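Accompanying notes for the structure given below.
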Amino acid sequence: MDIKLNWKDFVAVVRKPKSGADEVRAKLALIDIDAMESRASELEAKRRALLGSGEDSDIDAIEAEIVKANRDIERATAIQEDLQKRLAAIEAEQTRADREKLYAQAAALSTPKRVAEIEQRYEALGKAAVDLIREIAEAEIAINAANANLPDDATRLPSFELIMRGLPGEPEQRGKSKLLPMTWYYTKDAEGWGKVEAQYVDRIVPKADGKTGKLPRGGGNDLDVELRQFREVEILVERGWAQPVPLAASIKLPAFHVGEADVWVPWGNTGFMCEIGQDASAILDRIETAKRERLRPAVDPRIDRNTRTILERVDV
């Protein structure tokens, strides 16, 4: 194995002031000291084989190769150390520059002008939230007053928030249905007995109309029967509105300055949203999660509607 490297290229990278980290890493990847040492060991083995029977000229030649191979190992080791030091210096400088850049960016985000702007926006947000709750409250008060003194033949008005954010109720509805096979039933004097038992169906003597017949019994006491058909219908049971969590219990804007009263505290629920943490990052993470969840199709929070089954007689 013969390893040939242009050492001048390596030295140029070490000495060049503007060598970049990628260039230094590329040169380091070319240095394989283990391979060089394996090459030197091979040459030593050849030299020992020539000592007993080889010519002096052959021995001199192999020893010259050994000297060069060992010198290359020493040079490669020295250059590798220089390149590693150079790479460490470049990376340290890059780390320092990155830190200074981050510091400058953070400082630019916290100037007095920006602080004043954020404070104004926050105060406007707090006012908007309170105004929103006030408008909802006014609507609810008006609706409650109207419901307490309804005009003749007027129906009660639902809650404002229920209309705006709830899911409407659903009346009883017919669902899927299927037609059942025609079946013999007792009729006339035996009305109310229900279906003719399976073991007696073969004894029925149909009349000419094909819809009625007689079921013979001992002593001439025959029973009247008739064919009836029913449709099995699934009925979706009525259910009410899906109630939303009131906005007044869904938002919380804390005080802006230390010691101030909160901008808005939900009635009866002052600890709302404490679980998301006390810092802005936790709140933003929670908001981002909620935004992703809202991209999904809306899901009715109510349980599936109850059903019941009825039988409807079909004219045959």
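Everything numeric here is computed off the predicted structure, so don't read it as measured data.
Under the 4.0 Å criterion applied to side-chain N and carboxylate O atoms, E312 and R228 are not assigned as salt-bridge partners. Between R96 and E93 there is a salt bridge, since a side-chain N of the basic residue sits under 4.0 Å from a carboxylate O of the acidic one. A salt bridge links D131 with R134: the distance from a Lys NZ or Arg NE/NH1/NH2 to an Asp or Glu carboxylate oxygen falls below 4.0 Å. The pair E172-R305 does not meet the salt-bridge criterion, since no charged nitrogen lies less than 4.0 angstrom from a carboxylate oxygen. The existence of a salt bridge linking D82 and R86 is excluded, since no basic side-chain nitrogen approaches an acidic carboxylate oxygen closer than 4.0 Å.
With a 6.0 Å radius and a threshold of 12 heavy atoms from other residues, nucleotides or ligands, D98 has its CG atom above the threshold. Heavy-atom contacts from other residues, nucleotides or ligands closer than 6.0 Å to CD of Q199 number more than 12. Within a 6.0 Å radius of NZ in K214, other residues, nucleotides and ligands contribute more than 12 heavy atoms.
The distance from atom CG of L125 to atom NZ of K127, rounded to the nearest 0.5 Å, is 12.0 Å. E238 CD to Q173 CD: the interatomic distance, rounded to the nearest 0.5 Å, is 10.0 Å. Rounding to the nearest 0.5 Å places NZ of K188 at 7.5 Å from OG1 of T212. Summarising the geometry, atom CG belonging to D32 is positioned 8.0 Å from atom OG belonging to S38; distances are rounded to the nearest 0.5 Å. How far CD of E226 is from CH2 of W184: 9.0 Å, rounded to the nearest 0.5 Å. To the nearest 0.5 Å, atom CG of residue L227 and atom CE of residue M182 are 4.5 Å apart.
Side chains of R217 and L223 form a contact here, defined as non-hydrogen atoms less than 4.5 Å apart. Counting heavy atoms from C-beta outward, I136 and M164 have side chains that approach closer than 4.5 Å. You'll find the side chain of L50 reaches within 4.5 Å of the side chain of I62, heavy atoms only. The shortest side-chain heavy-atom distance between R308 and I310 falls under the 4.5 Å cut-off. Here the side chains of E170 and R302 are in contact, with some heavy-atom distance below 4.5 Å. When side chains are defined from C-beta on, I59 counts as touching L51, because their heavy atoms get closer than 4.5 Å. In this structure, I204 and V196 have side chains that are in contact, with non-hydrogen atoms separated by less than 4.5 Å. V237 is not listed as a side-chain neighbour of T307, based on a closest heavy-atom distance of 4.5 Å or more.
Without hydrogens or angle criteria, N144 side chain to E140 main chain gives a donor-acceptor distance under 3.5 Å. Under the 3.5 Å distance criterion, the side-chain polar atoms of T111 are left unmatched by any main-chain donor or acceptor of A107. Counting only distance, with no hydrogens or angles, the side chain of R114 and the backbone of L109 share a donor-acceptor pair below 3.5 Å. Looking at N147, its side chain does come within 3.5 Å of a backbone N or O of L157 through a donor-acceptor pair.
Closest non-hydrogen pair, S110 versus V115, comes out as O-CG2, 4.1 Å. Here the closest non-hydrogen pair linking L167 and P301 is CD1-CD, 3.7 Å. Nearest heavy-atom pair, A242 versus L162, reported as atom, atom and distance to 0.1 Å: O-CD1, 4.0 Å.
In terms of hydrophobic clustering, with Ile, Leu, Val, Met, Phe, Trp and Tyr side chains grouped at heavy-atom distances under 4.5 Å, M36 and L43 are assigned to different clusters. No continuous path of hydrophobic side-chain contacts links I163 to F160 [ILVMFWY only; heavy atoms under 4.5 Å]. Cluster annotation: I66 is not connected to I73 through the hydrophobic network of ILVMFWY side chains, with a link wherever side-chain heavy atoms come within less than 4.5 Å. Linking ILVMFWY side-chain heavy atoms closer than 4.5 Å, directly or via other members, places I33 and V24 in a single hydrophobic cluster. Note on L150 and I143: separate hydrophobic clusters, where clusters join Ile, Leu, Val, Met, Phe, Trp and Tyr whose side-chain heavy atoms are under 4.5 Å apart, directly or indirectly.
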For this session: Apply the test salt bridge (Lys or Arg N to Asp or Glu O under 4.0 Å) to residues E65 and R71: give CA-CA distance (whole Å), side-chain angles for both, the deciding distance (0.1 Å), then the verdict.
Result: CA-CA 10 Å; E65 287 189 55; R71 183 174 64 246; over 6 Å; no
For this session: Start with the C-alpha gap between R239 and D300, add the side-chain angles, then the distance that decides, and say whether salt bridge (Lys or Arg N to Asp or Glu O under 4.0 Å) holds.
Result: CA-CA 12 Å; R239 65 174 174 180; D300 193 329; 3.2 Å; yes
For this session: Please test D22 against R25 for salt bridge (Lys or Arg N to Asp or Glu O under 4.0 Å), starting from the C-alpha separation and ending with a verdict.
Result: CA-CA 5 Å; D22 291 341; R25 291 191 189 98; 3.2 Å; yes
Problem set entry | Trace of the side-chain contact (heavy atoms from CB on, under 4.5 Å) decision for D189 with D224 | CA-CA 8 Å; D189 292 342; D224 290 294; 5.6 Å; no
Exercise. Going through the checks in order, is the side-chain contact (heavy atoms from CB on, under 4.5 Å) test met by S177 and E232?
Worked result: CA-CA 5 Å; S177 66; E232 186 179 77; over 6 Å; no
Exercise. Which is it for Q229 and R313 under the side-chain contact (heavy atoms from CB on, under 4.5 Å) test, yes or no, and what are the steps along the way?
Worked result: CA-CA 6 Å; Q229 189 170 31; R313 187 168 176 178; over 6 Å; no
For this session: Take T309 and I235 through the test side-chain contact (heavy atoms from CB on, under 4.5 Å) and record every step on the way to the result.
Result: CA-CA 6 Å; T309 303; I235 301 297; over 6 Å; no
Problem set entry | E63 vs K46, salt bridge (Lys or Arg N to Asp or Glu O under 4.0 Å): CA-CA, chis, key distance, verdict | CA-CA 10 Å; E63 286 178 345; K46 288 182 179 180; over 6 Å; no
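Checking S57 against D60 by side-chain atom types alone, no donor-acceptor pair falls below 3.5 Å. With 3.5 Å as the limit, one finds no donor-acceptor pair spanning the side chains of Y122 and E117. In this structure, a donor-acceptor pair under 3.5 Å is absent between the side chains of N70 and E74.
Checked against the 6.0 Å centroid threshold, F230 and Y185 count as a close aromatic pair.
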